[in-house]
There are 2 protein chains.
Amino acid sequence: MGRRSDHSRKELEALILVEGHRHMAEVGFARFSAREVAKRVGYVVGTLYNVFGSYDRLIAAINTQTFDLWTEWLEERLASDPPDRIAALVAGYFSFAQAHANLWMAIYDHRMVEDMPIPDEMAERRGMLTEVVVREVAAVLPQEAQPLAPRLARSLVATVHGHCTFALNGSFALLGETDPLAMATARVKESLAAAGARF
Amino acid sequence: MGRRSDHSRKELEALILVEGHRHMAEVGFARFSAREVAKRVGYVVGTLYNVFGSYDRLIAAINTQTFDLWTEWLEERLASDPPDRIAALVAGYFSFAQAHANLWMAIYDHRMVEDMPIPDEMAERRGMLTEVVVREVAAVLPQEAQPLAPRLARSLVATVHGHCTFALNGSFALLGETDPLAMATARVKESLAAAGARF
DNA sequence: GCATAAATTGAGCACTGTTCAATAAAAGAA
DNA sequence: TTCTTTTATTGAACAGTGCTCAATTTATGC
């Protein structure tokens, strides 16, 4: 039913985002339904299109929120001052993905169309995760290797991402690997050591 | 129209697979349609279900065929006796994914349901790709490190996979990385060197 | 209080995967 | 050969999907 006075545009946007995020966590990307989200917030699917413009932008907004949570998750673990910050970072990457498998996978299930790339504001928020890694990588690299930090950090994120993907989608299990986290951590440390890192 | 005499069961299965593979290459996982494949082979969608049992098994069959092609692709590049076989392997992984982006991504877009895992025959064919990598990794490792080869190889596949994913989905471009292949190759070599490899 | 602007709806379109009775075709038995 | 049984194939139906848009309802500015 029409409830225009119930929520301002911003409130409605937030409402849809919260419920959409919940729905994504419950059923995953493949079974996600804009109609179902609309039903849950008490509006009709056309309203979602009115607010978000397209299905893609709704999904993008949900996934960007997942990035926010993920960055926060990492920062929390680092804030507890773990003895091995690099290991904590890798473990944090894994544990978030495992704890929120549907949300995490949705990030990579969704592909933005070529002609309509992700909005700047969202791209920036997503980039914060990498920023955290760059900072921690820089912290263990020697002075002369500091300029390498950004590229190396991105590459190490990719390394961990690959291991995390195989852990969650069953590829590792199928091949008999039982400790993907240990493997990922080992690879990261080898590359950091090669760059002269000390920990 | 009914064309029962036109194709035997095996022929029909092959026909659907070929056309399904072509369709997947053209439109990708998200826009793949069993009905469209049926139309193209001149049968009706029910027949696909009769032959493959379910949508999931059809996709699994298509993706397994992609694995076959991919393994073949790598072996071809190694057969030309490149000076750096490890680099050739990483480059082959990347070039296949880039040359057949829709097919390659479909492998990871598709998630087998928990209660119905991938059939043994398909799992074995998919494993051949890793076998190639295990063989090449073993070839550069010293005698005493040979037992490490299988686990290390799987882990290096994951490393390359992560880089390849970020290269294709635009994550690297968004973060300013312009040479994902070089990054992946560097990471692989660092880990092999750490295990005592010589090349 | 009224005209204008904006948000919300509901119905419709063209699809999708999936199921299943009815039908057509092939194989086997007499 | 003819008749029966088994098997393959169809077509229609079901419950969904994303997406669009005229019509309606609601809020705002004059």
### Message
Tell me if the centroids of the rings in B/Y108 and B/H161 come within less than 6.0 Å of each other.
### Response
yes
### Message
Could you go through A/Y93 and A/W73, starting from their C-alpha distance and side-chain angles, then the distance that decides it, and tell me whether this counts as ring-ring contact (aromatic ring centres under 6.0 Å, His included)?
### Response
CA-CA 9 Å; A/Y93 197 105; A/W73 179 282; over 10 Å; no
### Query
If you pin A/G53 and B/N50 to their nearest nucleotides in DNA chain D, which one's is more 5'?
B/N50
## Note on the structure
When every non-hydrogen atom of A/V90 is compared with those of A/T185, the smallest separation belongs to CG1-OG1, 3.6 Å
### Task
Examine D/dG18: is either OP1 or OP2 under 4.0 Å from a nitrogen or oxygen in the side chain of A/S54? Give yes or no.
no
### Message
From C-beta outward on B/Y43, which listed nucleotide comes closest to its side chain: D/dT9, D/dG18, C/dT8?
### Response
D/dT9
### Parallel, tilted or perpendicular: ring planes of A/Y55 versus A/F32, cut at 30 and 60 degrees
perpendicular
### Query
Is a side-chain donor or acceptor of B/E177 paired with a backbone partner of A/R154 at a separation under 3.5 angstrom?
no
#### Entry: Pairwise side-chain hydrogen bond (donor to acceptor under 3.5 Å, both in side chains) hits with a residue in residues 80-90 of chain B, at least two apart
B/D84-B/K189, B/R85-B/E136
### Query
Could you give the CG-to-P distance, from B/L48 to D/dT10, as a whole number of Å?
10 Å
### Check: B/S171 side chain, B/A167 main-chain N or O, donor-acceptor pair, under 3.5 Å
no
### Query
Quick one: A/L12 CG to C/dA6 C1', roughly how many Å, whole number?
14 Å
### Query
For A/R31 and D/dG18, what is the distance between atoms CZ and P respectively, to the nearest whole Å?
14 Å
#### Entry: Distance in angstrom units between A/E11 CD and C/dA7 C1', rounded
15 Å
### Message
Just the rounded figure in Å: distance from P of D/dC19 to OH of A/Y55.
### Response
8 Å
#### Entry: Separation of atom CD in B/E36 from atom P in C/dT16, rounded to whole Å
7 Å
### Task
Find the distance A/K39:NZ to D/dT17:P and express it as a whole number of Å.
7 Å
### Task
Could you check how far CZ of A/F52 sits from P of C/dT8, rounded to whole Å?
13 Å
Polar atom pairs between nucleotides 12-14 of chain D and protein, under 3.5 Å, N or O only, would you list them?
from   : atom 1 : to    : atom 2 : distance (Å)
D/dA13 : N6     : B/R35 : NH2    : 3.1

## Note on the structure
Residue pair A/V44/B/Y49 against DNA chain C: nearer the 5' end by closest nucleotide is A/V44
### A/S33 side-chain N/O to D/dG16 phosphate OP1/OP2 under 4.0 Å
no
